[in-house]
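Below you'll find the structure, written out as structure tokens, and then a few comments.
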Amino acid sequence: MDTLFEALRAAEEKPEARRIARDIEHEFTQSGSAAMDMLLKRGRNALEAGDSAAAIEHFTALTDHAPDFAEGWHMRSVAYSRVGLYGPALADIERALSINPRHFNAIYGLGIILEEVNKPELAHEAFSRVLAIHPHHEAVTEAMERLDPEIGGRSL
């Protein structure tokens, strides 16, 4: 993974960065257990179908059975966020990042939640952390453009 992260930081072109990021994200989703991978897939399918409650159930089963699998915590945080449960979502992001501090999508999720709860300076800081890992993260670039005028260069 270190080699992939180094390549991501060094990527000069967006298409190259996207490819490397997909490779990293693929690695993030590998639990090492077919049963846990199935829970992850079921939870993601529920999220895509708009059934956040079912997604939370699947991701909770995943985190119960694979507590060291960062992606389970990250995805449950996404599901919690979708229903406005920001406290549990933040707790799950914290857990995901304690397992995998370079999980740029979990850090991005943190920024989104902080923006939702009207903490633009902290959201900007989280997005800056993502860019230190993944300089071409398009959603973060858009978020930074959205927040820059709001924080107006104030020191954090």
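Just so it is clear, the values below take in all heavy atoms, side chains as well, and ignore hydrogens, waters and symmetry mates. Position 1 is the first residue of the sequence; numbering continues from there.
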Could I get the full list of side-chain hydrogen bond (donor to acceptor under 3.5 Å, both in side chains) partners for [X], not counting sequence neighbours?
{"X": "Glu142", "result": "none"}
{"X": "Glu138", "result": "Arg18"}
{"X": "Glu115", "result": "Arg146"}
{"X": "Asp2", "result": "Arg102"}

For a quick test of your reading: what N or O donor-acceptor pairs under 3.5 Å do the side chains of residues 28-39 make, sequence neighbours left out?
{"unit_1": "Thr29", "atom_1": "OG1", "unit_2": "His26", "atom_2": "O", "d": "2.7"}
{"unit_1": "Gln30", "atom_1": "NE2", "unit_2": "His26", "atom_2": "O", "d": "3.2"}
{"unit_1": "Ser31", "atom_1": "OG", "unit_2": "Ser33", "atom_2": "N", "d": "3.1"}
{"unit_1": "Ser31", "atom_1": "OG", "unit_2": "Ser33", "atom_2": "O", "d": "3.0"}
{"unit_1": "Ser31", "atom_1": "OG", "unit_2": "Asp37", "atom_2": "OD1", "d": "2.6"}
{"unit_1": "Ser33", "atom_1": "OG", "unit_2": "Ala35", "atom_2": "N", "d": "3.4"}
{"unit_1": "Ser33", "atom_1": "OG", "unit_2": "Met36", "atom_2": "N", "d": "3.3"}
{"unit_1": "Asp37", "atom_1": "OD1", "unit_2": "Ser31", "atom_2": "N", "d": "3.2"}

Linked, directly or transitively: [X] and [Y] (ILVMFWY side chains, under 4.5 Å):
{"X": "Leu114", "Y": "Ile107", "value": "yes"}
{"X": "Val130", "Y": "Met1", "value": "yes"}
{"X": "Phe104", "Y": "Ile99", "value": "no"}
{"X": "Ile56", "Y": "Met75", "value": "no"}
{"X": "Leu90", "Y": "Val117", "value": "yes"}

Looking at every non-hydrogen atom in both residues, tell me the closest pair between [X] and [Y] and how far apart they are.
{"X": "Ala70", "Y": "Asn100", "value": "CB-CB, 3.9 Å"}
{"X": "Ala123", "Y": "Leu147", "value": "CB-CD1, 3.8 Å"}
{"X": "Leu97", "Y": "Ala106", "value": "CD2-CB, 3.9 Å"}

Inter- and intrachain pairs under salt bridge (Lys or Arg N to Asp or Glu O under 4.0 Å), touching residues 83-96, at least two apart: Arg76-Asp92
Identified side-chain contact (heavy atoms from CB on, under 4.5 Å) counterpart of Val140 within the set Leu131, Ile133, Ile112: Leu131
Value rounded to 0.5 Å, distance of NE2 in His58 from CG in Leu62: 11.0 Å
Which atom pairs, one a donor and one an acceptor, fall under 3.5 Å between side chains of residues 3-11 and the rest of the protein, sequence neighbours left out?
none

Trp73 side chain to Pro67 backbone, donor-acceptor under 3.5 Å: yes
ring-ring contact (aromatic ring centres under 6.0 Å, His included) partners of His74, counting only residues at least two apart: His103
Partners passing ring-ring contact (aromatic ring centres under 6.0 Å, His included) against Phe127 (at least two apart in sequence or in another chain): Tyr108
Partners passing side-chain contact (heavy atoms from CB on, under 4.5 Å) against Asp64 (at least two apart in sequence or in another chain): Thr60
Partner residues of Pro88 under the side-chain contact (heavy atoms from CB on, under 4.5 Å) criterion, sequence neighbours left out: Tyr80, Leu85
Report all side-chain donor-acceptor pairs from residues 43-52 shorter than 3.5 Å, counting only partners two or more places apart or in another chain.
{"unit_1": "Arg44", "atom_1": "NH2", "unit_2": "Glu71", "atom_2": "OE2", "d": "2.4"}
{"unit_1": "Asn45", "atom_1": "ND2", "unit_2": "Lys41", "atom_2": "O", "d": "3.4"}
{"unit_1": "Asp51", "atom_1": "OD1", "unit_2": "Ala54", "atom_2": "N", "d": "3.1"}

Min side-chain heavy-atom separation Thr141-Glu145 under 4.5 Å: yes
